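Heads up: the structure comes next, in structure tokens.
Just so it is clear, the values below take in all heavy atoms, side chains as well, and ignore hydrogens, waters and symmetry mates. This is a predicted model, so every value here is computed, not measured. Labels below follow one simple rule: chain letters A, B, ... track the order of the sequence lines, proteins then strands, and each chain is numbered from 1.
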4 protein chains.
Amino acid sequence: MARGVNKVILIGNLGQDPETRYTPNGNAVVNLNLATDESYKDRQTGQLVPKTEWHRIVMFGKIAEVAGQYLRKGSKVYIEGKLQTRKWQGQDGQDRYTTEVVVDINGQMQMLDSRGGGDNASQGAPQGRPQSQPQQPAAQNSQQGNYGAPAGNNQGGGYSQPGGGQGSMPEPVDDFDDDIPF
Amino acid sequence: MARGVNKVILIGNLGQDPETRYTPNGNAVVNLNLATDESYKDRQTGQLVPKTEWHRIVMFGKIAEVAGQYLRKGSKVYIEGKLQTRKWQGQDGQDRYTTEVVVDINGQMQMLDSRGGGDNASQGAPQGRPQSQPQQPAAQNSQQGNYGAPAGNNQGGGYSQPGGGQGSMPEPVDDFDDDIPF
Amino acid sequence: MARGVNKVILIGNLGQDPETRYTPNGNAVVNLNLATDESYKDRQTGQLVPKTEWHRIVMFGKIAEVAGQYLRKGSKVYIEGKLQTRKWQGQDGQDRYTTEVVVDINGQMQMLDSRGGGDNASQGAPQGRPQSQPQQPAAQNSQQGNYGAPAGNNQGGGYSQPGGGQGSMPEPVDDFDDDIPF
Amino acid sequence: MARGVNKVILIGNLGQDPETRYTPNGNAVVNLNLATDESYKDRQTGQLVPKTEWHRIVMFGKIAEVAGQYLRKGSKVYIEGKLQTRKWQGQDGQDRYTTEVVVDINGQMQMLDSRGGGDNASQGAPQGRPQSQPQQPAAQNSQQGNYGAPAGNNQGGGYSQPGGGQGSMPEPVDDFDDDIPF
DNA sequence: TTTT
DNA sequence: TTTT
């Protein structure tokens, strides 16, 4: 039940492969880094200046599974989610804030590549992507006919972070060298 | 599962009270007539010219029930749905098309009045609106924690139209004098 | 100045090449037929049933020019516009209504194909598309740095319709065998 | 020119009066703190748990002026903008990131209160609000008929911060006791 | 860090 | 810090 509207709509490309983690009860949680490009005309020079905005995306439930399986670095994707800012503690004990686009049971994800993913035609896709699968799956955690389906526990936080090692983004509870979560 | 995006977002006021019908299995179906206002500067005269656009809304499921109960003529409301054009036969046997904004399990509705609806404070609300209810309910057919909840059969059309008499909008199958559905 | 919100967001594919017309003062007006796909699980059979929704798009100004030049049948595109229903007269003198998604100075268009359009690599693109142009242009009639730029006269209607012949969609004023505008 | 889509749509209430600043060339820049409410059903207890999300909004141009003049603490408002994360230096020399919703020439703002703002009827509105003005103005920096109109320089950052003292939010360049911008 |  |  919402007493307001909180909606984010993005179309952009992944800066890197998705990172998949799992909650204690086995639900997938996927993090994406998404770039949206814009260019504007500089008022001084009249030049077109490119500008890239990076977004941190967190996906839950079925959408997360699909994203983890089919999206790759470079993939173009449509995402609909909501803004969420979470507070965490830096190593210095001070509060830090990270704003993310959360794609949960009310969100949507849509792959926009011609054939199912960025560089996956040129090189083998990791995680044993099944070749017989549809090439451009779309995902919506909640949809017609999906009544009673299991859904990611996107509330209450507290998902596990197995590893978080090399290549994965630092998370608040991790003991990393720096405390920059974004 | 969507292989595309079809989204409509409206904020406007109801031109009349909602019309509620029921499907054979008891699910509510509500029709709204929503006005969105816009004004533009006439290039000749420089005058600000007001322009009202009317939208035909069809709601299913829990949202429909809430809308039927709390919305009234004049109510300001936020609506998120999808575009759908349906074909029907005019009395002359020719095809007609009506485009509607469908608010189903994936849609959203949000009342925006200060206290629960347009003119409902000045006159008794029909349909036995419970006075102890929250004044400004928001509705989303599908939401967190709602797993396994029943949902409107918003697919396959074919809902019943009990009456359709005085005050209700003409529907394709009705035997009205004119064949204008919108 | 809007006293409401009227927004449509679509991602889909063109059912045919864009139709370009020009206003008396030379501004481009482009019509598109856009399909958005959705499939839902039939509650009886449990089968996934595909469902295609067709949308009639009207574009004005700079966006129209870009769309006319780069979009082709099959092109995947993101569109942001507003709903507009216009009334016209059928041959029988009765009123008809057609709802369109209008993409004007406040709208947006975004090509989503890997390389500039649907089937345009396999066959010569009409209208003398320049080969040296960027492959995937994006268009926004109104944008940063664009102050003072000319814009389509998307108000007041009354654009000319040169031809409207074979292959183009019937328009209200045309003298066609049927009066179905959509 | 956008090579992507970056859109945020919010409906919520202001947590405090808007803060207005001015760029060196006199353009208004307004900061808002907007709350969007959501409640979800706790899966353990079955209780409805309220949850408020706070958003930092930055407005430029004509929208900023309207917002500064008419919005007040408690005002309900519709906002359309884009996500932007900016980097700044904490007092400890470390990088910090703040994500904001930027409402510029492409954004939109819509007041949703019955009569022009939260508590502004009960107390004198600052900044000499004209009493004869419309009660519920809507604002769009870019709109029909607005061709050639001046617009806020929403690019390049670097607006001045006159004061930033008591009551205003800490900004990166300020010399405050803490370095929390959000 | 992506994409054109 | 808002609102219901």
For atom [atom1] of [X] and atom [atom2] of [N], their distance in whole Å:
| X | N | atom1 | atom2 | result |
| --- | --- | --- | --- | --- |
| C:Leu112 | E:dT3 | CG | C1' | 12 Å |
| C:Lys76 | E:dT4 | NZ | C1' | 18 Å |
| A:Asn13 | E:dT1 | CG | P | 16 Å |
| D:Ile57 | F:dT1 | CD1 | P | 19 Å |
| A:Arg72 | E:dT3 | CZ | C1' | 18 Å |
| B:Met111 | F:dT4 | CE | C1' | 12 Å |
| D:Asp17 | F:dT2 | CG | P | 12 Å |
| C:Tyr70 | E:dT4 | OH | C1' | 13 Å |

### Task
Using the test salt bridge (charged side-chain N to carboxylate O under 4.0 Å, His left out), find all partners of C:Glu80 that sit at least two apart in sequence or belong to another chain.
C:Lys7, D:Lys7
### Message
Holding to side chain to side chain contact (heavy atoms under 4.5 Å, CB included), I want the full list of residues that pass it with A:Asn6, two or more places apart in sequence or in another chain.
### Response
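Testing A:Asn6 for side chain to side chain contact (heavy atoms under 4.5 Å, CB included), a comparison that skips the adjacent residues, returns A:Lys82, A:Leu83, D:Leu10, D:Thr36, D:Glu53, D:His55.
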Residue [X], side-chain heavy atoms: nucleotide from [options] that is nearest:
| X | options | answer |
| --- | --- | --- |
| D:Arg3 | E:dT2, F:dT1, E:dT4 | E:dT4 |
| A:Asn33 | F:dT2, E:dT2, E:dT1 | E:dT1 |
| A:Gln16 | E:dT1, E:dT3, F:dT2 | E:dT1 |

### Message
Quick test of your reading of the model: are D:Glu100 and D:Arg56 salt-bridged, counting only N-O distances below 4.0 Å?
### Response
yes
### Task
Step by step, work out the side chain to side chain donor-acceptor pair (under 3.5 Å) result for D:Trp88 and D:Thr98.
CA-CA 8 Å; D:Trp88 51 283; D:Thr98 295; 2.9 Å; yes
### Query
Hey, does D:Thr52 reach any base, or is it just sugar-phosphate, or nothing, if we go heavy atoms under 4.0 Å?
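Contact class for D:Thr52: base.
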